[in-house]
Amino acid sequence: MEYRPQEIEEKWRSYWKENKTYQTPTTSDKPKYYVLDMFPYPSGAGLHVGHPLGYIASDIFARYKRLSGFNVLHPMGYDAFGLPAEQYAIQTGVHPAASTAENVGRYRQQLDKLGFSYDWDRSVNTSSPEYYKWTQQIFIWLFDHYYDTAADKALPITELIRQFEEKGSAAVAAAHSHEEHFSAADWQGFSAQEKEEVLMNYRLAYRKVGYVNWCEELGTVLANDEIKDGRSERGGFPVVQKPMMQWALRITAYAQRLLDGLETVDFSEALKTQQRNWIGRSEGAELFFLTENKADKIEVFTTRPDTLFGVSFMVLAPEHELVQKLTTAEQKEEIEAYLHYVEGRSERDRMMDVKTISGAFTGSYAIHPFTGKKVPIWISEYVLAGYGTGAIMAVPSDDERDQRFAQHFGLDILPVVDQSDYPHAEVGQKIGKLINSDFLNGLEVKAAIPKAIEKLEALNIGQRKVNFRLHDANFSRQRYWGEPFPISYDAEGLTQVETALPVELPELDNFQPTADGHSPLARVESWVNTPEGRKRETDTMPGFAGSSWYFLRYMDPQNENAPFSEEAVNYWQDVDLYLGGAEHAVGHLMYSRFWHKFLYDLGKVPSQEPYKKLVNQGMIQGIIEQIYMLKEKNEAGQTVFVSADRIAEYGGEEAFALLPVHIDFVSNYGQEDSHLDQEGVAKFLAWRPSYANAEFIYNEAEQLVTDSEIGKMSKRYYNVVNPDDMVALYGSDCFRLYEMFLGPLEDSKPWNTSGISGVAKFLRRLWLLFYSPEGEWLVQKETPTAKERKALHHCIKQVQQGLESFSLNTCVSDFMKLSNELRDLNCHKAEILEGFVLLLAPFAPHLAEELWQALGHQESVFKTGAFPSFNPAYLVEDSIVYPVCVNGKKRAAIELANGLAQEAIKEQALALEDIQKWIEGKTIRKVIVVPKRMVNIVV
RNA sequence: GCCCGGAUGGUGAAAUCGGUAGACACGCAGGACUUAAAAUCCUGUUGACAGUAAUGUCAGUGCGGGUUCGAGCCCCGCUCCGGGCACCA
């Protein structure tokens with residue numbers, strides 16, 4: 001009998017399906033363990049070899065936990081709302097629901113071939129009304145709550161209203177967007193619209209003016225992803241920032257808790273640092289400057305109140321609400337021109353481009369609160385509207401950006417911090433002594449900060465303030481393929497909650513947004529107008545809505561009365577292990593932690609944090625091959641392609657655009673000398689007939705050398721490698737082992753199949769430990785030798801360690817080593833081989849089942865097997881040879897009983913005479929014993 | 001630009017506690033079996049030098065410094081590559 005993976009795997013997959021081997025009961029005597037994968041967006045390109053990397057690792061871990069006696073929840077679903085399906089619909093007219101369903105079907109087929117232990121009865125799809133009904137429900141809860149900073153939790157908005165009715169705004173301590181003060185009597189007198197406006201200032205889901213990337217020529221709102229260098233990627237048209245009423249989520253209310261929660265979870269330090277930086281907590285002071293005519297207050301936030309005497313100008317963000325008011329008649333033209341320039345720059349451009357210094361003077365002045373001096377007020381794009389108060393006090397002597405700005409525009413620079421005691425200090429570093437600063441003179445920066453704040457508070461012009469870089473999440477998208485808001489507006493424009501859920505997406509055949517930038521939903525009048533005479537919100541929710549709580553739905557996926565039952569969530573609690581890409585570090589992971597804390601405040605989940613442990617798998621990268629195409633056509637009107645080694649003759653990089661080509665066309669792809677040969681060019685032309693009459697400039701070898709780089713595997717680069725072919729050729733056990741063998745789980749690496757034969761070889765050799773090449777059953781019942789047991793138990797130890805630390809690549813090496821050892825020992829003992837099968841079961845489940853059965857077991861190894869326990873007694877050695885080193889240099893070796901090295905030194909059992917010879921009269925300073933390594937004598 | 005990672009033979013990598021660098025594989029070279037090829041098996045495989053050989057010596061973990069008896073690992077300064085930067089998911 002030969003090893004035929006395809007037959008074995010097909011057989012066991014049917015067995016698992018028929019016997020519902022992986023069905024997970026919601027209650028059990030066993031302890032629970034929840035292993036979660038980040039669910040995929042089902043893209044049109046299908047599953048590529050990168051997806052399974054994490055799925056295989058989590059499946060291995062889930063099976064390991066199952067074999068270790070846990071009731072394991074290991075589900076899979078689809079994050080099915082998203083932009084690509086909508087764009088596809090715009091191009092082809094195929095309804096997003098149809099293309100999504102098709103893609104989901106293909107993903108399922110591909111996933112099924114990899115032998116995962118998912119409980120498919122628990123699958124979810126964020127685009128199904130049964131699911132998004134509850135996403136809408138959670139949105140309503142967010143809308144109906146505010147964040148009470150005294151209670152430090154979300155409370156019902158009715159509670160806020162009660163407080164306004166009784167005491168007005170003064171008594172309220174709550175997260176809000178801007179300051180407002182009113183009495184209980186004022187509140188009673190407010191109109192319905194005014195009340196709504198006030199409440200919007202507090203709701204956790206609220207509506208405000210936000211900016212979108214607007215492309216007039218395309219007549220559509222664009223994602224940042226669709227913009228390159230300030231222009232639309234498609235067509236290259238200008239993009240401007242356009243204000244629109246948008247929904248937002250008040251994630252900032254949870255900033256401190258999101259920060260604190262990081263202390264309680266097991267994420268990598270790198271990821272925690274990224275989240276901390278994203279939240280961006282900074283301590284300082286908030287204070288205001290009065291304008292010259294004392295009519296307006298300009299609020300600023302600063303981390304350096306100690307440098308107040310160095311303020312020589314102020315800068316407002318171009319979007320700041322006071323800009324129009326402060327602009328004088330003489331400066332109007334200049335400010336308008338500047339605002340127009342800024343309109344064309346995305347936030348990303350503004351942050352990335354620090355070389356270009358730009359700004360304009362409003363013509364107005366503010367009064368310095370301490371010195372009473374006039375301070376000119378400027379606007380500039382380096383001040384961001386979304387951070388702090390959208391205005392800064394500029395201290396050019398002690399802030400690099402302010403300094404560059406002052407130098408560029410010839411503004412005063414007043415030195416206030418003397419850093420001469422610190423020769424290596426940099427501008428802006430919080431060290432030095434204050435000078436030219438009145439009551440702060442002579443103080444160290446650290447002491448001056450609290451003193452300055454004290455003064456601000458005494459003068460009643462400012463106070464201590466903690467500021468966060470995190471800003472509220474924009475929650476509106478002008479798209480069709482997302483969750484509709486359960487919101488409508490009545491004749492007076494008042495916001496109403498639609499309580500009949502789900503609010504379903506209407507049918508549609510034109511997916512183009514409307515001319516004024518609204519979602520295509522705005523065109524469906526029958527849907528927009530409700531029977532009660534209200535108009536529905538036509539924006540939809542962003543991709544992160546559905547993915548912010550899906551892991552809770554898996555606990556109770558069919559529940560029709562609630563997102564999940566109390567019983568289910570009390571049993572499953574939270575996710576024990578979450579596996580997914582690091583690219584979600586600050587997006588999805590932040591939003592879902594926020595939603596979870598909100599649900600915790602509502603008493604709907606028992607834990608503060610959704611994910612106990614997070615492991616980020618690296619990205620499987622692809623080779624991106626591109627050919628150089630001259631931007632200008634030649635005189636004959638032909639497109640010209642030039643071999644990469646000859647582009648200098650045609651004007652160099654600048655003159656060319658890069659055109660990605662299918663990697664299959666490229667010879668030696670990924671190598672230095674990657675190129676299209678004549679055959680490759682023929683394939684290219686067959687693929688892109690529109691270039692049939694293009695001119696090709698080859699090199700001397702008649703090749704068109706390509707530009708080869710490593711990057712994302714993506715449909716747009718034509719470099720997607722599909723796992724199906726690999727699985728068909730080698731079987732999924734082999735594929736699973738190979739993906740793990742490829743390297744550390746957390747590293748990114750380019751896909752490369754050249755090593756898979758080694759894994760295939762291992763599996764065949766393993767099979768030969770059970771069956772002779774003639775098909776004879778070789779397994780014997782005899783008691784194993786000490787050597788055989790040592791080999792097995794060493795492997796158990798290594799593999800267990802590997803599993804616990806997600807070093808799965810070394811596990812595969814350990815298997816190969818054990819297999820080689822058993823072959824050299826000619827070992828076919830049942831005890832050893834059974835242990836091997838159990839060890840291997842999480843990694844190669846099909847083969848393990850087959851061999852488990854062959855060893856005489858009736859039922860699935862995942863029902864009857866247990867992960868082997870390591871017995872250290874089998875590894876004990878009588879003695880170990882220690883190198884004896886002097887100052888690290890090896891001088892001799894001694895054999896000492898295991899564990900006795902320390903004693904040996906103490907009792908001077910080492911031949912001191914010999915040591916004296918090596919150290920030539922020097923005295924011994926230290927004797928270092930490195931356990932199981934060496935004895936080092938330091939002289 | 002800012003934030004977070006990474007760099008070890010021809011290649012993927014191992015060395016998870018600062019302690020014998022290169023485990024385990026791929027590839028390559030040589031050999032066995034074979035009419036031949038494939039498959040399989042065996043041997044070798046960081047570099048330089050010395051030696052008939054066993055082996056020995058020196059150098060070596062992107063670059064330049066530092067700490068330490070000892071550094072792939074820790075510290076300082078770079079280079080290159082990857083990920084993220086709030087509407088891709």
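The chains referred to below are lettered A, B, ... by the order of the sequence lines, with proteins before strands, and numbering in each begins at 1. Keep in mind that this is a model prediction, so the values were computed, not measured.
Straight-line distance from the OH atom of A:Tyr88 to the P atom of B:A89: 18 Å, rounded to whole Å. Rounding to whole angstrom units, CG of residue A:Leu470 and C1' of B:C85 are separated by 13 Å. Rounding to whole angstrom units, CZ of residue A:Phe815 and C1' of B:C24 are separated by 13 Å. In this structure, NE2 of A:His584 is placed 15 Å from C1' of B:C87, rounded to the nearest angstrom. Rounding to whole angstrom units, CZ of residue A:Arg404 and P of B:C2 are separated by 10 Å. Between the CG atom of A:Asp814 and the C1' atom of B:A14 there is a distance of 10 Å, rounded to whole Å. With rounding to whole Å, A:Asp747 atom CG is found 12 Å from B:A14 atom C1'. Look at CD on A:Gln621: it is 15 Å from P on B:G6, rounded to the nearest Å.
Side-chain N/O atoms of A:Lys761 include one lying less than 4.0 angstrom from OP1 or OP2 on B:C26. Remark: A:Asn616 is not in phosphate contact with B:G5, judged by side-chain N or O atoms under 4.0 Å from OP1 or OP2. Within the 4.0 Å cut-off from OP1 or OP2 of B:C85, not a single side-chain nitrogen or oxygen of A:Arg469 is found. Not one side-chain nitrogen or oxygen of A:Asn820 sits closer than 4.0 Å to the OP1 or OP2 atom of B:C24. At the phosphate of B:C42, OP1 or OP2 sits under 4.0 Å from a side-chain N or O atom of A:Arg823.
Aromatic ring centres of A:Phe139 and A:Trp247 lie closer together than 6.0 Å. Ring pair A:Phe81/A:Tyr132: centre-to-centre distance below 6.0 Å. Note: A:Phe511 and A:Tyr480 meet the aromatic proximity criterion, with ring centroids under 6.0 Å apart.
Across all strands shown, nothing is found opposite B:A89 as a Watson-Crick or G-U wobble partner with both distances under 3.5 Å. With a cut-off of 3.5 Å on both pairing distances, B:A53 has no Watson-Crick or G-U wobble partner at all. The partner of B:U79, taking Watson-Crick or G-U wobble pairs whose two distances both stay under 3.5 Å, is B:A7. Base pairing of B:C24: its partner is B:G12, meeting the Watson-Crick or G-U wobble criterion (both donor-acceptor distances under 3.5 Å). The partner of B:G60 is absent, by the rule that a Watson-Crick or G-U pair needs both atom distances under 3.5 Å. Base pairing of B:C2: its partner is B:G84, meeting the Watson-Crick or G-U wobble criterion (both donor-acceptor distances under 3.5 Å). In this structure, B:G72 makes no Watson-Crick or G-U wobble pair, since no nucleotide meets both defining distances under 3.5 angstrom. Pairing for B:U40 goes to B:A32, judged as Watson-Crick or G-U wobble with the two contacts each under 3.5 Å.
Between B:G18 and B:C2, the two C1' atoms lie 33 Å apart (nearest whole Å). For the C1' atoms, the distance linking B:C63 with B:A13 amounts to 23 Å, nearest Å. Taking atom C1' in both B:U35 and B:A53, one finds a spacing of 38 Å when rounded to whole Å. For the C1' atom pair drawn from B:G77 and B:G19, the interatomic distance equals 28 Å after rounding to whole Å. For the P atoms, the distance from B:C78 to B:C69 is 28 Å, rounded to whole Å. Here the separation of B:G72 from B:G83, taken at their P atoms, is 30 Å to the nearest Å. Rounded to whole Å, the C1' atom of B:A15 lies 9 Å from the corresponding atom of B:G22. Taking the C1' atoms as reference points, B:U8 lies 16 Å from B:C80, given to the whole Å.
Both the sub-6.0 Å distance and the 45° axial angle are satisfied by A:Arg250 relative to the ring of A:Tyr206.
For A:Tyr88 and A:Asn103, the side-chain atoms include no donor-acceptor pair closer than 3.5 Å. Between the side chains of A:Thr810 and A:Ser807, at least one donor-acceptor pair of N or O atoms lies under 3.5 Å. Between the side chains of A:Gln246 and A:Asp539, not a single donor N or O lies within less than 3.5 Å of an accepting N or O.
Comparing B:G84, B:G5, B:C41 against the side chain of A:Arg765 picks out B:C41 as the nearest.
The residue A:Ser807 sits close to a base: some heavy atom pair falls under 4.0 Å. A:Val212 comes within contact range of at least one nucleobase, with a heavy-atom separation under 4.0 Å. Nucleic acid contact class of A:Pro744 (heavy atoms, under 4.0 Å, all strands): sugar-phosphate only. Contact annotation for A:Phe741: base contact, defined as any heavy-atom pair under 4.0 Å involving a base atom. Residue A:Ser757 is in sugar-phosphate contact alone, with no base atom involved, counting any heavy-atom pair closer than 4.0 Å across all strands shown. If you check every strand for non-hydrogen atoms under 4.0 Å, A:Gln798 touches nothing.
The side-chain ring of A:His471 is stacked on the base of B:A86, judged by centre separation under 5.5 angstrom and plane angle under 30 degrees.
Nearest-nucleotide positions on RNA chain B place A:Met619 closer to the 5' end than the other of A:Asn213 and A:Met619. With RNA chain B read from its 5' end, the first of the two nearest nucleotides for A:Met816 and A:Leu742 is the one closest to A:Leu742.
Base orientation of B:G84: anti (glycosidic angle beyond 90° from 0).
Test A:Trp595, A:Tyr591, A:Tyr550 against A:Phe544 for ring-ring contact (aromatic ring centres under 6.0 Å, His included) and you get one pass: A:Tyr591.
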